[in-house]
Participant: 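This is the structure I want to talk about, given as structure tokens.
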2 protein chains.
Amino acid sequence: MIFSQTVEYALRSVVWLASHAGNPQTVQQIAEATQVPSNYLAKVMNSLRRTGLVESRRGLGGGYILTRTSDELTVLDVVNTVDPIERIERCPLGLKSHGLNLCPLHKHLDEAIGMIEQAFIKTKIADLVVKTCESGSICGKAATPEPGEGS
Amino acid sequence: MIFSQTVEYALRSVVWLASHAGNPQTVQQIAEATQVPSNYLAKVMNSLRRTGLVESRRGLGGGYILTRTSDELTVLDVVNTVDPIERIERCPLGLKSHGLNLCPLHKHLDEAIGMIEQAFIKTKIADLVVKTCESGSICGKAATPEPGEGS
DNA sequence: GGATATGTAGATGCAAATATCCTTTTAAGG
DNA sequence: CCTTAAAAGGATATTTGCATCTACATATCC
């Protein structure tokens with residue numbers, strides 16, 4: 001319901017790239033940092049490349065980088081790449097009787113989708129980057145374990 | 001993405017029941033009116049019964065009716081029965097470092113989910129019933145074919 | 001140019017959501 | 001009772017999203 005796993009993965013990865021602008025990140029690096037299965041992540045990154053959100057470089061020193069700055073890149077861009085948001089334009093019941101007008105049900109559902117869409121347009125990837133810690137994960141500071149958190 | 005097929009089916013059916021309050025509707029009737037595969041609909045209706053949103057009567061003259069009036073029943077009630085909305089409460093990455101605080105990514109995603117949840121609480125099933133036509137479908141007037149739309 | 005490190009592509013496996021079918025239970029009406 | 005109409009339950013497809021594995025292409029470094 002609501003957001004697919006793949007959307008999660010794609011967003012985590014893009015946020016990670018945003019916080020490492022300029023430095024190509026390999027699938028392995030991204031996978032470890034974002035805790036996404038690396039084999040699957042490879043597919044996801046490839047999708048992002050095909051739609052032009054990221055660039056790839058092969059070979060030693062290669063990896064992925066964003067093609068835009070993180071404040072020119074919205075959550076919607078990422079979401080629409082891997083699992084596009086589809087507005088309800090026609091009645092799923094295929095009734096001709098109300099032409100372009102949706103019935104109340106689908107009108108309300110579409111409005112809900114629209115809200116999400118708007119929120120995702122407004123939110124830039126830059127807004128999602130954690131700044132309060134040096135080289136941390138996308139989501140705190142996993143990479144720099146705190147004192148007293150031995151495992 | 002966003003809404004599952006089952007949610008669609010459940011909502012259509014409940015809206016149909018709402019517009020036939022008092023008259024038990026059989027799975028067959030609901031299925032035809034809402035264009036949902038009847039065998040699958042049977043499962044969905046059963047779920048709605050288990051969570052108490054509808055009552056069933058077996059045997060001749062049986063069918064399903066709502067247990068509440070349509071303005072006491074929200075879209076969220078229905079959605080949560082068949083495909084519950086889950087807020088993001090803990091960081092999916094399982095990082096302890098930020099305790100109860102979500103990272104910006106998951107904070108934003110959760111807010112989006114929260115918006116949907118609110119919208120679905122506010123929307124009553126009564127708001128979704130088409131009133132402008134007598135015995136029509138949930139979504140216009142499919143049941144009363146217009147003149148000149150022979151088939 | 002050989003060794004190594006990367007992304008790219010395709011085949012396949014697996015599990016969950018969706019859909020179908022068949023049997024059993026329960027109720028109503030004669 | 002018996003017949004019929006309905007829901008309830010269970011077994012089984014089908015489809016799709018998620019994930020894994022392997023082979024291949026391309027770049028860097030020595």
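Naming: A, B, ... by sequence-line order, numbering from 1 per chain.
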Participant: Could you run down nucleotides 12-24 of chain C 5' to 3' and tag each one B, S or - for protein heavy-atom contact under 4.0 Å?
Facilitator: ------SBBB---

Participant: Would you mind telling me which of A:D127, A:I125, A:L128 makes a side chain to side chain contact (heavy atoms under 4.5 Å, CB included) with A:S70?
Facilitator: A:I125

Participant: Looking at every non-hydrogen atom in both residues, tell me the closest pair between B:K124 and B:T74 and how far apart they are.
Facilitator: NZ-CG2, 3.6 Å

Participant: Within the structure shown, what part of the strands sits under 4.0 Å from A:Q29 by heavy-atom distance: base, sugar-phosphate, or nothing?
Facilitator: nothing

Participant: Could you check whether A:D110 pairs with A:R87 (Lys NZ or Arg NE/NH1/NH2 to Asp/Glu carboxylate O, under 4.0 Å)?
Facilitator: yes

Participant: Measuring to OP1 and OP2 of D:dA8, would you say a side-chain N or O of B:R49 lies under 4.0 angstrom away?
Facilitator: yes

Participant: Mind calculating the distance between CD (A:Q28) and C1' (C:dG7) to the nearest angstrom?
Facilitator: 12 Å

Participant: Under 4.5 Å between any side-chain heavy atoms of A:V14 and A:L53, yes or no?
Facilitator: no

Participant: Just how far, in rounded Å, is P of D:dA8 from CD of B:E55?
Facilitator: 11 Å

Participant: Go through D:dA5, D:dC29, D:dA8 for me and flag the one nearest to the B:N46 side chain.
Facilitator: D:dA8

Participant: Could you state the CD-P distance from A:Q25 to C:dA5, rounded to the nearest angstrom?
Facilitator: 17 Å

Participant: Between D:dA27 atom C1' and A:I65 atom CD1, what is the distance in whole Å?
Facilitator: 15 Å

Participant: Are OP1 or OP2 of D:dA8 and a side-chain N or O of B:S56 less than 4.0 angstrom apart?
Facilitator: yes

Participant: For B:L48 and D:dA7, what is the distance between atoms CG and P respectively, to the nearest whole Å?
Facilitator: 13 Å

Participant: When you compare the side chain of B:D83 with that of B:F3, does any pair of heavy atoms fall below 4.5 Å?
Facilitator: no

Participant: Considering non-hydrogen atoms only, spot the tightest contact between A:M45 and A:V54 and give its length.
Facilitator: O-CG2, 4.0 Å

Participant: Using heavy atoms to find the nearest nucleotide of DNA chain D for B:L60 and B:A42 separately, return the residue whose nucleotide is more 5′.
Facilitator: B:L60

